[in-house]
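Structure, as structure tokens:
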Number of protein chains: 2
Amino acid sequence: MTATPSEAPDSGTGARDSIAAAAPRDRKVTIDDVAARAGVSKSAVSFAFNGRPGVGEETKERILQAARELEWRPDARARALSRSRAQALGLVILRDPELVSTDPFFAQFVAGVESHLSTVGYALVLQVVDGQDAEKEAYSRFAREARVDGVFITDLRVDDERPSALAALGVPYVVLGSPEGEGSAPIGLDDAAGVRRAVRHLHALGHQRIAHVAGGDRYVHSRVRREAWESEMRRLGLEPGGVAQGDFTGGSGARATHELLDQTEAPTAIIYANDIMAIAGISAAIDRGLRVPQDLSVVGFDDIPLAPYITPPLTTVRQDVFRWGNACARTLVALIEEREHAPIDLPAVEFVVRGSTAKVPMPSETLPEGNE
Amino acid sequence: MTATPSEAPDSGTGARDSIAAAAPRDRKVTIDDVAARAGVSKSAVSFAFNGRPGVGEETKERILQAARELEWRPDARARALSRSRAQALGLVILRDPELVSTDPFFAQFVAGVESHLSTVGYALVLQVVDGQDAEKEAYSRFAREARVDGVFITDLRVDDERPSALAALGVPYVVLGSPEGEGSAPIGLDDAAGVRRAVRHLHALGHQRIAHVAGGDRYVHSRVRREAWESEMRRLGLEPGGVAQGDFTGGSGARATHELLDQTEAPTAIIYANDIMAIAGISAAIDRGLRVPQDLSVVGFDDIPLAPYITPPLTTVRQDVFRWGNACARTLVALIEEREHAPIDLPAVEFVVRGSTAKVPMPSETLPEGNE
DNA sequence: GTGAAAGCGCTAACAG
DNA sequence: CTGTTAGCGCTTTCAC
């Protein structure tokens, strides 16, 4: 492969990306410098910067001015030490190797959290771990090293030990998606409502055999979704027969779909615990010669950005993960600062109807045949 | 919608998830307590914990034992202050509202970074910002507040000011994907190679009109991909005619695809700058009555977990983002600690052939017709 | 109003 | 090898 470097444009950009780096530098401006420049004492500067009474309006302006000129900002480490507060929150994520990258949850949640933290000057410290032991260890280090003032618990598991462990460690926390509503915050994100909407939607289209691909019963949110499917089916007088276990990955979604479709009384519609599995499920169905939605209706969960752009566009349940993140951050900060939690309201779950659901096929027409 | 709470199983789990929270507790064990319990001085404990000479083997064991019993870990804030090192690294992410959640990059990169940091006791502090000004501000705060000892620069832009700004601030950094290779680390992740492979693959299948959907020329990696496509086309004696601008989102991928397919000399194959656009592109093509890959071959970039599970499975370029993260972390930590950078090698880019590419259609058969 | 002084919990010289 | 002594840079009483 001897490339002839002939008419390469204005490149020079050897087609090779790389990791570049650069090193540090000189000394540091401290509160003393600012005090000196403003002609006041350290404490005056401190007071001015923390918006406390006891500093004259004019003096304050002079101090702020001096700080600006020196480009000074209070050193977070020193401040953390003297206030015994890290001014940081922790998020530890259990990295299911494949999942973490697919799941739209992670990034959006983090963005939501940040959207509040940045307004209150807290930082977010992240830790990605690869097992439950490491996870436990991570929380405990966060706590004992006092790196953070509080932590988020996400992906709550059934019989999760984290809340009690953290309580024992004396670390403030918020848990997202606890069905008990223990502690504070009567607001809730309602996975169940989304699933119920999905069931009713399909039922209204005439479907009777509505199956479910679950996401693993270890997770509370996953179990909640399955239970909601079950109970809504019953409520409508339908038998919640077909369930298949998935694990939120595409592969599991495809497998579960085949499993369901292999049954003698195959479903005419499937509700998946997330979009990834649903999309993989659509492919699996197509591979079997079924048409979606004519022969099989599919509903996902999450509304990932890709959902409108697959064929057919995916009908799904939309969660506003960003808002959750914001709400969680707000709650946790309030808790830490022992203020009243501002009342928090989360938007109701949305059900987005797109092209992957349709009327139930006429019993006789179920055979795959012909186009469109 | 009056639900009849009849045969609900072992629920009680009111179908409502929520945010729960709990609050803090008592006082803190310090290095003095450990020293007292071990019958030594503070400094002995400090030395023992930092693995420095000057502590007898037996004494050391006694100290460690005492620490264990007291469940003591050095306070990260105090340690940070006295060593003038935060023992933390910063990552600021520019949140393209939609993109951040789709992009497999973010989560995997973070996971990779962590995979090294956790072994050396550094924390990762994250900041998500929503504009270039906020981004700049974030970096500068990280630096001036000394919250972190170094930062990562990702998604390098053309004429990016961050490297010089950080250098001016005296903050160590590594930039991922700099084509200049300035500074250190001669290792590189080679986007260009991936694209060249894609072009050759399609060429080998007989394609001549191979178009490209780019990802926005502001980003270096995006430009590199486009340029690689161009130069490889020329090298093979083909005219790099069809380019359409996308922005890495599904919507832009669909639009760009229609644009390309509307041309009089429509392409028989399209290489997309990422998988999201490619998948949306496939849908767009299908909407026009084309079959993929029979009428149009499609190549993506990234190999997102969903890629094998769409219809048809996506041929794409796989990047080992996790490894980059690890490498970047390794490099940055070495830089901060002024050690020699352990030589770093990144795996070569992989080209994954799946079902979305096929031989070029016979000129006469291009009409959409019939199955398979 | 303002400034001196005592920590926050640890690290790192420095004598013993 | 061990203990004493200053800081790290900021916050925060408490006199002035």
Side-chain angles (χ1 to χ4, degrees), chain A residues 26-64 66-67 70-88 121 141 143-149 337, chain B residues 26-64 66-67 70-88 121 141 143-149 337:
Chain A
D26 56 48
R27 92 165 254 290
K28 177 154 206 212
V29 21
T30 78
I31 196 174
D32 285 305
D33 300 321
V34 178
R37 181 173 249 265
V40 297
S41 72
K42 295 195 331 181
S43 37
V45 177
S46 176
F47 274 51
F49 256 77
N50 293 296
R52 310 172 51 137
V55 188
E57 195 50 56
E58 197 204 332
T59 322
K60 182 168 177 176
E61 190 39 61
R62 192 149 35 87
I63 292 172
L64 263 23
L70 263 30
E71 298 195 311
W72 176 82
R73 304 258 328 177
D75 182 303
R77 301 165 306 195
R79 182 187 273 223
L81 184 56
S82 59
R83 305 212 306 200
S84 338
R85 183 163 291 173
Q87 201 84 192
R141 281 181 40 148
R144 295 220 298 272
E145 296 183 354
R147 249 190 212 285
V148 299
D149 304 318
E337 302 186 344
Chain B
D26 55 51
R27 94 164 252 290
K28 185 165 191 196
V29 21
T30 78
I31 195 173
D32 285 305
D33 300 321
V34 178
R37 181 173 250 262
V40 297
S41 72
K42 293 192 338 178
S43 36
V45 177
S46 176
F47 273 51
F49 256 78
N50 293 297
R52 310 171 52 138
V55 189
E57 194 51 54
E58 198 203 332
T59 323
K60 182 168 177 179
E61 191 38 59
R62 192 150 35 87
I63 293 172
L64 263 23
L70 264 30
E71 298 197 309
W72 176 82
R73 303 256 332 176
D75 182 304
R77 301 166 305 195
R79 184 190 273 228
L81 185 55
S82 60
R83 303 213 308 201
S84 339
R85 184 164 289 173
Q87 201 83 195
R141 282 182 40 148
R144 295 218 298 271
E145 296 184 353
R147 248 190 213 282
V148 299
D149 304 317
E337 302 187 343

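Just so it is clear: chains get the letters A, B, ... in the order the sequence lines come, proteins before strands, and each one is counted from 1.
- S46(B) places no side-chain N or O within donor-acceptor distance of the main-chain N or O of K42(B), the cut-off being under 3.5 Å.
- Computed from coordinates, the E145(B) CD to dG9(D) C1' distance equals 13 Å when rounded to whole Å.
- A heavy-atom distance below 4.0 Å to DNA chain C is reached by these residues of residues 51-62 of chain A, ordered by number: G54(A), V55(A), G56(A), T59(A).
- Closest heavy-atom contact between W72(A) and V29(A): CD1-O, 3.2 Å.
- Rounded to an integer number of Å, the gap from D33(A) CG to dC8(D) C1' is 14 Å.
- Residues G39(B) and W72(A) both approach DNA chain D. Their nearest nucleotides, taken by heavy-atom distance, put G39(B) toward the 5′ side.
- Taken to the nearest 0.5 Å, the CD atom of E61(B) stands 9.5 Å off from the CD atom of E58(B).
- What separates CZ of R144(B) from P of dG9(D) is a distance of 16 Å, to the nearest Å.
- Contact record, D149(A) with Q87(A): OD2-N, 2.6 Å, taken as the closest heavy-atom pair.
- The shortest non-hydrogen separation linking S41(B) to A35(B) is C-CB, 3.7 Å.
- In this structure, the side chain of R144(B) engages the main chain of E71(A) through a donor-acceptor pair within 3.5 Å.
- What separates CD of Q87(B) from C1' of dC10(C) is a distance of 13 Å, to the nearest Å.
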Dump every N/O contact between nucleotides 4-8 of chain C and the protein below 3.5 Å, one line per pair.
from, atom 1, to, atom 2, distance (Å)
dA4(C), N6, S43(A), OG, 3.2
dC8(C), O2, S82(A), N, 3.2

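- A rotation axis mapping the C1' atoms of four pairs onto the next four is fitted at both ends of the helix from dG1(C)-dC16(D) to dG16(C)-dC1(D) over five pairs, and the angle between these axes is 40° to 10 degrees.
- For the atom pair CD1 of I31(B) and CD1 of I63(B), the computed distance is 9.0 Å after rounding to the nearest 0.5 Å.
- Closest approach to the P74(A) side chain among dT12(D), dC10(D), dT11(C) is made by dC10(D) (side chain taken as heavy atoms from C-beta onward).
- Formation of a donor-acceptor pair under 3.5 Å by the D75(A) side chain with backbone atoms of R77(A) is found in this model.
- Straight-line distance from the CZ atom of R79(B) to the P atom of dC10(D): 21 Å, rounded to whole Å.
- For the atom pair CZ of R141(B) and CZ of R73(A), the computed distance is 4.5 Å after rounding to the nearest 0.5 Å.
- Formation of a donor-acceptor pair under 3.5 Å by the T59(B) side chain with backbone atoms of V55(B) is not found in this model.
- As rounded to whole Å, 13 Å separates atom C1' of dC8(D) from atom CG of D75(B).
- Remark: side-chain polar atoms of R62(B) are paired, donor with acceptor, to backbone N or O of A38(B) under 3.5 angstrom.
- Computed from coordinates, the F47(B) CZ to dC10(C) P distance equals 15 Å when rounded to whole Å.
- Contact annotation for V40(B): backbone-only contact, meaning every heavy-atom pair under 4.0 Å involves sugar-phosphate atoms and none involves a base.
- In this structure, R147(A) places its CZ atom 14 Å from P of dC10(C), rounding to the nearest Å.
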